[in-house]
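First up is the structure itself, then whatever we jot down about it.
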Amino acid sequence: DVKVTQSSRYLVKRTGEKVFLECVQDMDHENMFWYRQDPGLGLRLIYFSYDVKMKEKGDIPEGYSVSREKKERFSLILESASTNQTSMYLCASSSLYGDRDTGLYGYTFGSGTRLTVV
Amino acid sequence: QKEVEQDPGPLSVPEGAIVSLNCTYSNSAFQYFMWYRQYSRKGPELLMYTYSSGNKEDGRFTAQVDKSSKYISLFIRDSQPSDSATYLCAMSGGSNYKLTFGKGTLLTVNP
């Protein structure tokens, strides 16, 4: 019954490495989002995409880029990982037209990737 | 003023207590109101939602929206240790598919 899958649960990377976080959804959702979650700061939107090859910056895009080559896949890229990017990363998806049953624009989240940069 | 304010807690209650979780917001365009539950080391999952004002009940959970006060609440009756989680409120303006989240309240229900 897994609907949003993040490729790794835990990841440890070295400073300066290029890091790829992958997210795949099987609900045919148009919208996909990348958040990071830190204690005391809540969820902060990094990037989102409402269509293939489309992307928009969220609130904290610096140091990150994204790729959406296929509708079901949304990748987050840390160009040169730094220790301040140690965080929980959450991917989410939603329908552009609202849920078929409820009309709700709710998100379905993945289980998260706990990234540690050393 | 932040768009959505939520007391981060932590909130610790004994098993069986009634729990009240709250959020205030400033954007009067918000129409859809949701509560997400997030267990430790997991992603948030949708718990309840309401459209516009009013109450919605689902088992031990009741979601309440007061648009005149820009205030939403989640009540948990007969709380259980399995309710221990972080609860996030979220809201949107309907046609705007982006959700605005509160920071979350950490709840612990002690047996």
Spacing of A:R9 atom CZ and B:K42 atom NZ [to the nearest 0.5 Å]: 5.5 Å

I'd like to know if B:L46 and B:F101 are part of one continuous hydrophobic network [Ile/Leu/Val/Met/Phe/Trp/Tyr, side-chain heavy atoms within less than 4.5 Å]. yes

Quick one: are B:K98 and A:F33 in side-chain contact, heavy atoms under 4.5 Å? yes

Would you say that more than 12 heavy atoms from the other residues, nucleotides or ligands in this model lie under 6.0 Å from the CZ of A:R44, or not? yes

If you look at every heavy atom in B:L99 and A:Y35, which pair is closest and at what distance? O-OH, 4.1 Å

Same cluster or not: are B:I72 and B:L107 linked, directly or through other Ile, Leu, Val, Met, Phe, Trp or Tyr residues, by side-chain heavy atoms under 4.5 angstrom apart? yes

Tell me whether A:F48 is reachable from A:Y64 by hopping between hydrophobic residues (I, L, V, M, F, W, Y) whose side-chain heavy atoms are closer than 4.5 Å. no

Partners of B:R41 by salt bridge (Lys or Arg N to Asp or Glu O under 4.0 Å), sequence neighbours excluded? none

So what's closer than 4.5 Å to chain A heavy atoms on B:L88: side chain, backbone, both or neither? side chain

Same cluster or not: A:V66 versus A:F109, using hydrophobic residues (I, L, V, M, F, W, Y) connected whenever any side-chain heavy atoms lie under 4.5 Å apart? no

Please rank A:C91, A:G106, A:G58, A:S111 by heavy-atom pairs under 4.5 Å with chain B and give me the top one. A:S111

Contacting region of A:Y89 [heavy-atom separation from chain B under 4.5 Å]: neither

Using heavy-atom distances under 4.5 Å, tell me whether A:Q37 contacts chain B through its side chain, its backbone, both, or neither. side chain

Please determine whether ring pair (Phe, Tyr, Trp, His ring centres under 6.0 Å) holds for the pair B:Y36 and A:Y107, giving the CA-CA distance in whole Å, both sets of side-chain angles, and the decisive distance to 0.1 Å. CA-CA 10 Å; B:Y36 283 80; A:Y107 293 179; 7.2 Å; no

Taking the side chain as every heavy atom from C-beta outward, state whether B:Q38 and A:L90 have any pair of such atoms under 4.5 Å apart. yes

Does B:F75 share a hydrophobic cluster with B:L11, counting links as ILVMFWY side-chain heavy atoms below 4.5 Å and allowing steps through other members? no

Which bit of B:P44 comes within less than 4.5 Å of chain A, counting heavy atoms only: side chain, backbone, both or neither? both

